[in-house]
Structure formats: C-alpha cells, structure tokens
2 protein chains.
Amino acid sequence: MKNLNSVHLNGLRAVEAVGRLGSLQAAADELGVTIGAVSQQVIKSEAQLGRPLFERTPKGMTVTETGASILARLREGFQALSAAVALAQHRDDNILTISVAPVFAARWLVYRLDRFAGRHPDIRLRIDATTQLVNPATSDVDIGIRVGSGHWSGVKSELLLAQEIFPVVTPQIAATLREPADLLKVPAVVDGHAMFKWDVWLREAGLSGRCMEERHIFNDASLCLDAAMAGQGTMLAWQTLAAYALEQKCLVDPFGIRARTGFGHYFITAEGVREAQKVTAFKAWIREEMEESMRLFQ
Amino acid sequence: MKNLNSVHLNGLRAVEAVGRLGSLQAAADELGVTIGAVSQQVIKSEAQLGRPLFERTPKGMTVTETGASILARLREGFQALSAAVALAQHRDDNILTISVAPVFAARWLVYRLDRFAGRHPDIRLRIDATTQLVNPATSDVDIGIRVGSGHWSGVKSELLLAQEIFPVVTPQIAATLREPADLLKVPAVVDGHAMFKWDVWLREAGLSGRCMEERHIFNDASLCLDAAMAGQGTMLAWQTLAAYALEQKCLVDPFGIRARTGFGHYFITAEGVREAQKVTAFKAWIREEMEESMRLFQ
DNA sequence: ATTCTTCATATAGATTATCTATATCAGCAT
DNA sequence: ATGCTGATATAGATAATCTATATGAAGAAT
C-alpha cells in the first residue's frame, strides 16, 4: 500500500464526497470545511493521481467514466474506515471485559456464570483468558483476576483470597490412606508452572525433610488436575483449582491439612481511576461466590 | 461518514500499518516517515478513538482484542483506497478513448470497428457516445469527433469532412419520382435537432421558395432515419448518417443533388498538446475510412 | 551487577498540509 | 444588463505532520 504515500488521504476523501454528493457545497457541508477547501483538494488530488476525475459544467461537477470506477473504490474504502471508527467509538457500557487465567476460568468461574447472569441480567461478560498480567489502564480490559504476590507495579491490586494448598486424590486412593505420611507413597503429578513446591505442605503436615514420589510433569494446571482425577496420583492443588472437583466428589482432600503459600487471588484494576459501577458490581458478586465456594473447605 | 471528521486519516493509516506489520519500525518504513512520527500518530489516534488498540510489550506492540476487529476494517478500507489509487495511476497506453455523437457511432462508426481492430490490433477503443462537446484537456477523453462550425473555444479542431445534405427515400418511393419537384409531395420526417432546414437543399435543387410537407418530428436523428427506412417519408440526411443505409440499398438518394450546410465533421483534440501516437494513428484510419465511405456518393 | 540492545515515548521546533476569507470567473435565467 | 449559481484562484493563518534528539523500560549478554 505504498502507493498511498503519493497522495493526500484528506484529498481523496474530498474527491469521494464530491463524487457521492454531486457538488462542492454538499461535500463541504459533510466534511465541515469551506467550498474553497474542497475545490483545492479535489484539484490537487486530480493532479496527484495524474487524471481528471470530474468534468466541470455550469450545473456542477460530473464524474468522468474512469472517475466513476475510481470513486466506487474510494467509497468502499471510506465506508470501511468509517465502520472502523464507529466500532472504536461505540460504547457498550453493558459489557464488562475481564481478564483471568485460563485455569481459573475453566475450573471455577465457568460454573458460576449463570448465577452472574441471574444476578446482573443487564451486564454481559467478555472473558479474556490469558496467563499474562494485564494493565486495565493500557488495555481494553476492565478488571483482572490473578494469583500472585499482589505486588505489581502500575496497577491497583486488591486481595480477594489468600492461596492455600492441599493434596487431592480420588476417593479410591483416599480409602487406602490412614495418616498423612501414607501420602508419601502415592505418586505425585506435578504442575510445572506452579509457584510453590510440595515441601511447603509437607512442613505444615509435620513431614519436614521428607519427599514425594514426583512423577509426570504438566505445563498446564488443568491437565494436571485431569490426571489426578484419572487416578494417576495426587496433586498439590489450591482452592479455586479444585473447588468444583471437590464439590462433585471426583476428588477429596484426604486429611484437611492446608498450607498458606504467601500468594493470593487479587483483583487488578487501573490505578487512580474511579471504578465503574459494573466493575464494583462484579467484584461484589465474585466475593459472594468466593465466600460460598470456600465454605466447602471448612 | 461524518464520524471521520473526528479523526485524522493519516493517523488511522499509521495504526493500520503498525497492526499489520507488528512494529513501529516496519510501519515507519512502509509509510516513509520516522519511528517517532508513527508513535505519535498511533498514540493520538487511540486518544481520538477513545480506546487503546495496542498493548505495549518489550517485544513490540500487540493488538488488543477489540483492536483486532477495528484493524480488520481499517485494512479493508486502506486496501480499497490503494486499489483506487492504483486504478487512477494505471496507464493503459493501448486504450484510446474517443467521444462521438451517438448517431455517428450507431450509423457509421460501429460498422467499421472490426477494420480498425484489424489494422491496429494493439489499440483498444473506448467509445464515449454523447452529444455534449468535450474538451480532451479537461476530461479523460483522448479525441472527439463532432459535427458543427468547428469554432469551439479551448480546443483544437481539424476539419475531417464538410457536411452535405440530401434527401433519402426508400427505393419504392424513389420509383414514383421523376424530377426533384416531385419530392415536394412526399411527406418529410424531420430531425428536430438538425442544424439545417430543408430550404438549404431546395435552393440547391432550384426550388427556392417552395416547401416540403413536413410531418413527424423526431428528437433523435437515428429514429428519424429509421422512420425513413420504414417508408414513412423522405428525410434530409447527411453523409455519415445515411452511408450504411445507402450502401445496403435500404435507402436511395433519388436525384444526387447535394447542398453544403457550412458545417463539418471535425476532430477535436486538446490545444497545445503534443499528439499521442495512438491519436495520430486513429485519425489517419478515420480519414481513410471516410474517404472510402464517400466514394459511394460519387 | 553492569552494560548493551531493542523497542517505544516525549519533546521542541521545522515543514507541510489544510484551512478561511475574499475576489473573480463562467454560464444561465430573468 | 443584472442577479444567481457553482467553481476557481490567491494570500495568509492555522493545524497536522514531520524530524531530530533525548529518554525510559525491559530483556539479553557478559
């Protein structure tokens, strides 16, 4: 599209408007400039293109034949540009764009969306599932939820839930366990991206210095949980990851021993910006759902 | 498309280029400006649209989700504008655009076009049939042929053929005529737009002061000739109008008396411009065809 | 820990594009 | 002859766009 370097886009727009509207006056009205400006731009554009596009008659300007086919394409072009601008400037205040980790979406949020729709029928969610940290001030996201230290620069973070870890196994495996030390002999499936290690829980369970039989490593926590649900061993899970599987009794926490990792679930919003009502409503709803979800851990 | 008034088209182009090429540097190369210029334009366009279109990462700029759909439309738009510019700047030197009166095209030129194609296989004609006088300097026409005085301002005119008029009738009507005065009793069909009257011919035929029985008036010379060919009377025709009908013996010139109108067929070209070779070739061909066509009047 | 590289942004001021205001021209209608 | 309509030309003001340069952030290499 380097050929556009040899012409002025404003001039092409003037040409298109005159061609479509039939006179300099009508084009000037639409473009918000004077007749003289449009006349100059049309004349200059014809020179840049090396071809007359209009014939001047006492009754006004008529399009030449080749001008007609050129104008048809100009019109397509400016109509597409206009549609782009309309799309950009359109504000649908009833869409809330949230950014969450895929695993959070898949293992906790997706099961609750109907309840959000029931509570807030006027708000539609747009879920951007990504592991990358997002800054709502410089992206088109309204709010994010992430697990981490909470110390991220450039954003406002608000603790939602302190992260606790605990082993999960299938009920069949759980039936073979009598005390926490029995767990040392169960193969462990490992989430390679996890920000914590087994020793954090082992310490909490009074088994400092001991080691798990770590086996398969997964690059996705969801896959890792699937492996545990398939009976391939135990996984060191956290609340939101395991909540639904626990609730459905596909997995159990055999001893109820939980260790804090020092990390947490945080809301992420733009710093120094007054919070939109839909964002406030969403946070309140998430807090209620989280509170209800955590009851099954007591 | 008034919404385009609130944005800068050059800025939208910078946005599109960055979105398509992935970096400020690549976009700057295509647009022929510096990185700083592109950066400023993108930032200003995001402000004008009221929405971020890119997320800035250490590896470069990535498109936001809504940015992607906006950029898709911008791309369509600039591709169409680029196609328009390419179309305008394209020079097909093998197309010759001529402007002739519709009646000249229909009654004389169209029957000879195969011979032009045979003689000049590399030149394609684009025939703009219109009664309006054309100025090749200010339109996209290369050459015109018109009947008139030849005194038109702003153009160069070159006599091709002096206009002569003569009555034409069907062979059946001709068989009933013995001398020119017999024609006075034949109904005359009249071309309302003709620049001459019957008295010009009557004077030449030695019938000054006499009158034809003028009947139906037509606003199109071709229709008028059709009426004559349908046996509805005599028409005062001129050479190029009647040539083909005479050649096919659908009509005859009963007495061979022709009067000069003072008008002529003229080539019309742009003043003070060196003639393109294809224009010269076309004129030479027309002169040969005209010469051959006029032989049947001798 | 330090240095280098890559990519984007900010700023000041120069250059170019675009605009307004006004005068003028051509053709048509009265 | 006059008035109206529509386009064009011109001078100069205003805004858009650009270059040159400095700066900042993040990641890679040492």
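Protein chains get the first letters and strands the later ones, always in sequence-line order, with residue 1 at the start of each.
Considering only side-chain N and O atoms, B:Ser39 lies under 4.0 angstrom from the phosphate OP1 or OP2 of C:dT9. Contact annotation: A:Thr34 side-chain N/O to C:dC19 OP1/OP2 distance is not under 4.0 Å.
We find that CD of A:Gln40 is positioned 13 Å from P of C:dA21, with the value rounded to whole Å. B:Glu46 places its CD atom 15 Å from the C1' atom of C:dA10, with the value rounded to the nearest Å. Rounded to an integer number of Å, the gap from CG of A:Asn10 to P of C:dT16 is 17 Å. We find that CD1 of A:Ile43 is positioned 6 Å from C1' of D:dT8, with the value rounded to whole Å. Whole-Å rounding puts the A:Ile35 CD1 to D:dA9 C1' distance at 14 Å. Following rounding to the nearest Å, A:Gln25 (CD) and D:dT5 (P) show an atom-to-atom distance of 11 Å. Rounding to whole angstrom units, NE2 of residue A:His8 and P of C:dC19 are separated by 12 Å. Between the P atom of C:dC19 and the CG atom of A:Leu24 lies a distance of 13 Å, rounded to the nearest Å.
Summarising the local packing, NZ of A:Lys283 is surrounded by more than 12 heavy atoms from other residues, nucleotides or ligands at distances under 6.0 Å. The local environment of CZ in A:Arg274 is sparse, with at most 12 non-hydrogen atoms from other residues, nucleotides or ligands closer than 6.0 Å.
With hydrogens and angles ignored, the 3.5 Å screen pairs no side-chain donor or acceptor of B:Lys44 with any backbone N or O of B:Gly11. With hydrogens and angles disregarded, no donor-acceptor distance shorter than 3.5 Å links the side chain of B:Glu55 to the backbone of B:Val63.
At the heavy-atom level, A:Gln41 lies under 4.0 Å from the strands shown only through sugar-phosphate atoms.
Looking at A:Asp142 and A:Phe282, their side chains never come closer than 4.5 Å, going by heavy atoms from C-beta outward.
Ring centers of B:Trp238 and B:Phe263: at least 6.0 Å apart, outside the cut-off.
Of the residues in residues 48-62 of chain B, those with a non-hydrogen atom less than 4.0 angstrom from any atom of DNA chain D are B:Pro58.
With values rounded to the nearest 0.5 angstrom, B:Glu275 atom CD is found 3.5 Å from B:Thr280 atom OG1.
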